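So you know, we letter chains A, B, ... as the sequences are listed, proteins then strands, and number each from 1. This is a predicted model, so every value here is computed, not measured.
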Amino acid sequence: MHGRPRKPTKPEDAAASAAKAQKLRALQNQFIHNHQNKIYTEEAVELSAKLLGINPESYTAWNYRKLAVEQKLSQSESDPDSLKSIFDEELRVVESALRQNFKSYGAWHHRKWVLSKGHSSIDHELRLLDKLQKADSRNFHAWNYRRFVATLMNRSEEDELKYTEDMICNNFSNYSAWHNRSVLLSNLLKRKVEGFLSKEKVLPDEYEFVHQAVFTDPDDQSGWFYHLWLLDQTVKLDSPQLVSSWPLPGSDLTLLGNRCLDGSASPFTRFYSDSGTFPLILYFNQAVEGVNLSTITVDSEVTSNKALVWKPLSTVNSQASQVWATQLNFSNVKTDSSKAYPVEVSLGHSQGIISSNGFRYGKPSRFTFRVCAQHVETKPAEELDRERILWRDEDFHLYDTHSQESSPIVLLDQLSINNDHESTDSEWRAAVIAKEIDHFRELLSLINCKIGKLTLARLLMAHDAMMWPSANKFSHSEVLELYNDLMKLDPTHVQYYKDHHSLVLLQQVTSSWKSLLGHCFYYRDLTSSLTGNPICLRLNNLSLSQVGSFDKLLWVQMLDLSHNELRSIEGLEALQLLSVLNLSNNKIGNFTALEPLKQLKSLKVLNISYNEIGAHSIDTTRYLCSSPLSHSIGSEWYLDKIVADDDVKSYWEAYFILKGLNLTQLDIVGNAIADEKFKLFLIKVIPVLKWLDGEQLH
Amino acid sequence: MMGELAVDKHVKYIISVEKKKDSFESVVMEHLRMNGAYWGLTTLDLLGKLDAVDNGEIISWVMKCQDDSGGFAGNIGHDPHILYTLSAVQVLALFDKLDILDIDKVSNYIAGLQNEDGSFSGDMWGEVDTRFSYIAICCLSILKQLDKINVDKAVNYIVRCKNLDGGFGCTPGGESHAGQIFCCVGALAITGALHHVDKDLLGWWLCERQVKSGGLNGRPEKLPDVCYSWWVLSSLIMIDRVHWINKDKLVKFILDCQDMENGGISDRPDDAVDVFHTYFGVAGLSLLEYPGVKAIDPAYALPVDVVNKIIFGK
């Protein structure tokens, strides 16, 4: 019952309703009798029309009419006139049903069924639609039917585009028309139809057009999403590109066999590895498929390309991923030699790297880094496991560049790979964005509106991204201010703006070496023994509700994200070097939200204390993690006998996330789930665990 | 001052609807009684009152609606359709009675409705809609028979219905609609294919469905309606973006739509109540973690304990 007022039934209304109901029931019973007994007399068929006139949703009656038509066709002459009259009668019944209920699925489908038989006038349909769409310009059944008719009569997409223009000019507040316009226009652009050869020519006019809607009534959403789509069309480069990697192009990586005692290599570029292997990570601008031995070549005198296995770092069972990694094996390299071995990585020499939209990796490219290995004094592994990492502020000391050699500073200034875009192509894009920025600044000077601020924030970030890394000034501060304003202006969606604020803040932090350095710390207590004594990136206490900028953080081995407002760690799987992670005092609601950790094979120390695990009845990441629920974990679930079944069933989320990890230290205190029973379960699932909530296990 | 959920009144209302067969409204709805049974019974289960009905009677009526083809009709005497087949299977799942089904027969009926392009028809008459893709996938997953269809093709068809606003339509090119988005996101969730969804783009579109009153609409510039508390919320939950709306305001909107006198929930405050909106209101409150309401699974649209039992065993 939509839009019917609630009111007490008066006796006379109840009586009228009962009488109507009785009549309808009689019709329905008679109809079902006819249908069951396959009675298709003129009278019986007419009765079904009567029923549908009152109740167009009675789907069985539409089925019955189709059977009756088939029956008639098998008996009557096949001359065009009698065929046409049989089908015209059906169109008439549909039309009267639609008058009763414009949203009847059954009626609209019956009409399609009739039309696809090919005996009816299509021109009439277009006229009928014009009439109906004037009466209700947002009816999606009518729009769907319009697309069906347009295809059936081979009407050109240009003509239909013109129709959307007319509808919008008539009333810009017509989301359905804007939607259809985006469908038609993207088809025309994709097919490179005459007049739609280049976005450069088409998009500026579309911006002009949508301004009319957005600027006339900024609170009307009809043009919002169309404008965002145009922005996306302007900014997005079709072909995939490499934006970042680890090791970085041109870097000198020091691989430490066993423990590091040597402070000479920069902590940003040294990596401890017992096995003599280290990850090679490729970070693309969009998800790609086809990263493998035939599309990527790794050349070096000490490691063999042939054995490399490339893995997509996606959290679901997808073959496409924005981040890909493989393990390079340097175990047979002589240590203690000062020799640095160059490694050359070549991409895209064969055309297999492909985006989800079917675009191929552009020009073949290559980069080089150098690796040298150092052997240092061994300390028994068990001894190290006895040391526990504490997260007291006094244990951290700001990383001091003056005491270090200068090379990593130069290096880290290019945290991203500088792609030289074809300049002519990027010029018009930047010009369009700059012009839009002016337009929206002007709008905001006239009226304080949320879509104006939000769009300006998006435009400024798009502009920054285009200019990266050559720009000498970024808009982060202004954008952060815009999001702050939005939180006040539109409190209903405060968390949406907060998430974006967090992402921009992280972009600001990672935008320069100088700002990043303010977050780089030494963990002093373990100078002599912690794995390679890496830099700890401390992004704690920043009110972050979302994390990002992972492309600039691939080097991070120790990360402190504590005391934020994180609900998820989506994207963290890219940080393949991560061995120590602090997520304490956040808002993680379930183990399923920790799915990215499954990809972090180096992770040893995890602090997830004081979160909200076990405190919620609804799990918002239930379908974003691999599990039997989403059919992304197969039958091994049923075969797994490692842990007593009942425990695994009650704690399946924790089981799926933690069972593959080699954690030696875990803090879980301060979560609703963390009772004694659960802790015993953890000890069973993670046999290598040495510390649980500060207690040493035996 | 926010009113509370009138649990007892709603339970009474649902049970009384079944008995009021003489009103015009109930006769008009007779062909979809199977859906009505699912809405009413799931609501009762969420409120912890499923034992208020005679399950033997209901189950025997459900089985009388099954056709020789294996599909279920909306009511006795009507034709089988995938819409009612899912409801029938869900009702049996609520009562933990899936074992009385001839699983092969039902799943063959559903699998037989898959088309060459991966889409699904609703019945033998060939209406195609992503609603039917969801139903087929959900139903076959409950019956553990997903291998009877071409899942890759089914997923590809849904992806073809994705729009430039991040949402999904009935067929390729169809406008995004919250109900349709639930179906497509739900189908992708069950098949482990949510990576096809642009979560931030769709999340923004969905969270902008919340209007000033706190209620949610189903498309831009439309009126809010309690049923979207389900369609929009469940979609936002499946893509982990539900924090982008204001939950308290939505709870208030749903509670404001209750008929505090006779029970039931309506589309908007002070409109006439029905079982459909009563279910979507209570299911919405469940997704909002309203105290005293059992948790519902956002993809299968069944209580979480029922789904966990099916998927993970006892």
What part of [X] gets within 4.5 angstrom of chain B, counting heavy atoms only: side chain, backbone, both, or neither?
X: A:Ile32; answer: side chain
X: A:Asp220; answer: both
X: A:Arg147; answer: side chain
X: A:Leu184; answer: neither
X: A:His616; answer: both
X: A:His500; answer: side chain
X: A:Asn63; answer: both
X: A:His109; answer: side chain
X: A:Ser176; answer: both
X: A:Leu67; answer: both
X: A:Asp619; answer: backbone

Within the 4.5 Å heavy-atom criterion, are [X] and [Y] side-chain neighbours or not?
X: A:Trp224; Y: B:Asp165; answer: no
X: A:Asn55; Y: B:His31; answer: yes
X: B:Thr191; Y: A:His631; answer: no
X: B:Leu83; Y: A:Tyr105; answer: no
X: B:Tyr84; Y: A:Tyr59; answer: yes

Does [X] make a cation-pi contact with [Y] (under 6.0 Å, within 45 degrees of the axis)?
X: B:Arg241; Y: A:Tyr496; value: no
X: A:Arg458; Y: B:Trp204; value: yes
X: A:Lys649; Y: B:Phe312; value: no

At what distance, to the nearest 0.5 angstrom, does [atom1] of [X] lie from [atom2] of [Y]?
X: B:His195; Y: A:Ser321; atom1: NE2; atom2: OG; value: 10.5 Å
X: B:Leu32; Y: A:Glu57; atom1: CG; atom2: CD; value: 8.0 Å
X: A:Glu570; Y: B:Asp240; atom1: CD; atom2: CG; value: 7.0 Å

With sequence neighbours left out, write down each residue that passes ring pair (Phe, Tyr, Trp, His ring centres under 6.0 Å) with A:Tyr145, or none if nothing qualifies. A:Trp108, A:Phe148
Segment of B:His196 engaging chain A (4.5 angstrom heavy-atom cut-off): neither
Inter-chain contacts: residues 209-218 of chain B against chain A, heavy atoms under 4.5 Å: B:Arg209, B:Gln210
Just by distance, do the side chain of B:His177 and the backbone of A:Phe140 share a donor-acceptor pair under 3.5 Å? no
Shortest non-hydrogen separation from A:Ser17 to B:Glu25 and the atoms involved: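 Distance-wise, the nearest heavy atoms are OG-OE1, 4.2 Å.
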Please enumerate all residues that pass side chain to side chain contact (heavy atoms under 4.5 Å, CB included) together with B:Val17, with sequence neighbours excluded.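 Testing B:Val17 for side chain to side chain contact (heavy atoms under 4.5 Å, CB included), a comparison that skips the adjacent residues, returns B:Tyr13, B:Val275.
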Aromatic rings B:Tyr300 and A:Tyr623: how do their planes relate, parallel, tilted or perpendicular, breaks at 30° and 60°?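 Tilted, since the angle between the ring planes falls between 30° and 60°.
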Pair B:Glu208 + A:Lys450, salt bridge at N-O below 4.0 Å: yes
Mind jotting down which residue pairs meet the salt bridge (Lys or Arg N to Asp or Glu O under 4.0 Å) criterion with at least one end in residues 74-84 of chain B? Sequence neighbours excluded, please. none
